[in-house]
Amino acid sequence: MGVEEPLSRMPRMRLDELLEELQARINAARGTRDRVHSLLEAVVSVGRELDLSQVLRRIVEAGALLVDARYAALGVIGPDGRRLSQFLTVGMTEEEIARIGPLPAGHGILGELIRHPEPLRLTDLGAHDASFGFPAHHPPMRTFLGVPIRVRDEVFGNLYLTDKLGGADFDAEDEAVISTLSVAAGVAIDNARLYEASQRQQRWLQASAETTSSLLSGSPRLEVLELIARRAREITGAALADVSVPVAGAGHLVVELATGEGGESRRGLTVPVDGTLCGAAHRTGAPVVTARLDGDDRYGAGPRCTDGLGPAVAVPLGSAAEDTRGVLLLARRHGEQVFTDEEIQPLLAFAGQAAVALELADRRSDAEQLALLEDRDRIARDLHDLAIQRLFATGMTLQSAARLVQHEGAAERVSRAVADLDETIKIIRSTIFGLRAREGEAGPGLRARVARAVGETATTLGFPPRLSMEGLLDTDVPPEVADHVMAALTETLSNAARHAHATLVEVSVRATSDEVVLTVTDNGRGIPDGGRRSGLRNLEERARSLGGGLEIGRPADGGSRLVWRAPLT
């Protein structure tokens, strides 16, 4: 009995071992089945979305869940193919991300997958030759699994997973699962990009139709440009959009309008052609892209009003460098996607419409100016041929009748009426000279000189000042006084262009019976207390040398008002 009992126990032990092995295989099959189900659910979840940002977020979350990774990230490769333009993370809070600092650009281990787009599995991140270590406040990470994501044979980005829960290493099965997920992710990303492109194309078409309608309806130039900038900012998701136009012979651009974040502070700024993003686009006649507007060493010149702005693109308004009529600048916030070729191509066509708007506005302005000059010629001709001749005839009749008037008081009144008619004829003749004064062929009269000086200042200010003239400027103002008036006008307009940052300037020149008065008003930031006043002192000394004076005031709605006056005798 003692010998038979161990022999009977041996088959039972083998049976237990077989049952345990069978149970292990069943558990493994069940685990594989559950993992396959999880993978299928992840694929369906990723493929269900059409919004690209949501697709990318689902991919990162699904990757971390499938292989039990503590941390996961997805890096989108930028247009240069060497750096990451976008980086999404899972496993860290917003506070932890903020403490770490700027998002990775694609160096170290992350860059290894960019240079060699093949699956990479590591048991110790720090032991790899490409490892640069972690920045301050970065959580420790040891195990690593990286897989590239391809979209139509092009590497779109990389999926990074670190620190498998439980302290185990990522195995070949984990790599196979993530590789399968990356294939599905590539298809989902492609679908989302196609959907996004079709939606964007539809919005561009709608914006083009709206712009064309505005152009054909004769809307003002600035109104059409503002519509173009606003629609471009909305469609591209930019935080800022502005349009800058060149200043003839000045070597710089002026921001004519701006919309979005910081738009008010940028309007009216002077932007150098050399060393700026807009200047490069204006010079080359081609779009220029940067990944970070406020930190690109290539474009460090010009006003620093770009804090907080990241990816940007400057698009010329015109088809060639010599035909560029301005530049449209679009900028996104930090951390957002760099402008791609798919976005820039329709933007170029849309910017062409802005060039058409500028061209059409200029042609319309020329036509209106021509019509105005023709109308002025007609009025001047009618005044000369009809009004002056009739007034002169009336005066001659009154002079003849005065000899027949016996009453002394009545004769004096007739003589005074003749003098008034003579003065009226002088005023009409002065008005005729002003109406017939044209750009480039105006005579030496003060009225024409003032009009020409104000017109030339429009290029420096970025907008035409308002001008009004009154009195016998050409006949009653002596030449030496007229020269002082022109010097004072040039100085005040120069100060308004350089220091006031105004959007409205009004110029008034008025000649009375005993003095000439020049008034220049703007809505800028006013004359600061304690600032440089050398120009104002010169204006005051010039007026005092003639026996006049200078008054400096501030309108009720802000800005400044300078009143310069000098006697005519």
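Taking CZ from Arg231 and OG1 from Thr236, the interatomic distance works out to 12.5 Å, rounded to the nearest 0.5 Å.
More than 12 heavy atoms of other residues, nucleotides or ligands shown are found within 6.0 angstrom of CZ on Arg115. Counting heavy atoms of neighbouring residues, nucleotides and ligands inside a 6.0 Å radius, atom CZ of Arg200 exceeds 12 of them.
Between Glu343 and Arg332, at least one side-chain nitrogen of the basic residue sits less than 4.0 Å from a carboxylate oxygen of the acidic one, meeting the salt-bridge criterion. Ion pairing of Glu196 with Arg193 is absent here, as no side-chain N (NZ or NE/NH1/NH2) approaches a carboxylate O to less than 4.0 Å. Looking at Arg333 and Glu261, a side-chain N of the basic residue comes within less than 4.0 Å of a carboxylate O on the acidic one, giving a salt bridge.
Between the Asn523 side chain and the Thr503 main chain, a donor and an acceptor come within less than 3.5 Å of each other. Side chain of Tyr160 to backbone of Leu74: no donor-acceptor contact under 3.5 angstrom is found. Side-chain atoms of Glu226 do not come within 3.5 Å of backbone N or O of Glu223 as any donor-acceptor pair. Without hydrogens or angle criteria, Ser213 side chain to Ala209 main chain gives no donor-acceptor distance under 3.5 Å. Checking side-chain atoms of Arg57 against main-chain N and O of Val90 turns up no donor-acceptor pair under 3.5 Å.
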Inset, instruction - Tell me, with the steps shown, if Leu329 and Leu277 meet side chain to side chain contact (heavy atoms under 4.5 Å, CB included). - result: CA-CA 8 Å; Leu329 173 70; Leu277 191 73; 3.6 Å; yes
Legend entry - Test side chain to side chain contact (heavy atoms under 4.5 Å, CB included) applied to Val313 and Thr290, step by step: CA-CA 6 Å; Val313 59; Thr290 180; over 6 Å; no
Legend entry - salt bridge (Lys or Arg N to Asp or Glu O under 4.0 Å) between Arg283 and Asp274, worked out: CA-CA 9 Å; Arg283 184 188 296 108; Asp274 296 327; 2.3 Å; yes
Inset, instruction - Evaluate side chain to side chain contact (heavy atoms under 4.5 Å, CB included) for Phe350 paired with Val315, printing each intermediate quantity in order. - result: CA-CA 10 Å; Phe350 194 61; Val315 182; over 6 Å; no
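Residues passing the ring-ring contact (aromatic ring centres under 6.0 Å, His included) test with Tyr195: none are found, sequence neighbours excluded. Residues that satisfy the ring-ring contact (aromatic ring centres under 6.0 Å, His included) test with Tyr71, not counting sequence neighbours, are absent from this structure.
With hydrogens and angles left out, the side-chain atoms of Thr259 and Asp242 include no donor and acceptor closer than 3.5 Å.
Under the 4.5 Å side-chain criterion, counting only non-hydrogen atoms from C-beta, Leu145 is in contact with Ile178. In this structure, Val76 and Leu84 have side chains that are not in contact, with every pair of non-hydrogen atoms separated by 4.5 Å or more. Counting heavy atoms from C-beta on, the side chains of His334 and Arg292 come closer than 4.5 Å. The closest side-chain heavy-atom distance from Val454 to Leu493 is below 4.5 Å. Cys278 is not listed as a side-chain neighbour of Leu328, based on a closest heavy-atom distance of 4.5 Å or more.
With Leu181 as the partner, the side chain to side chain contact (heavy atoms under 4.5 Å, CB included) test is satisfied by one option alone out of Val67, Val147, Leu66: Leu66.
Contacts classified as side chain to side chain donor-acceptor pair (under 3.5 Å) and involving residues 461-470 (residues at least two apart or in different chains) are given here: Arg466-Glu506.
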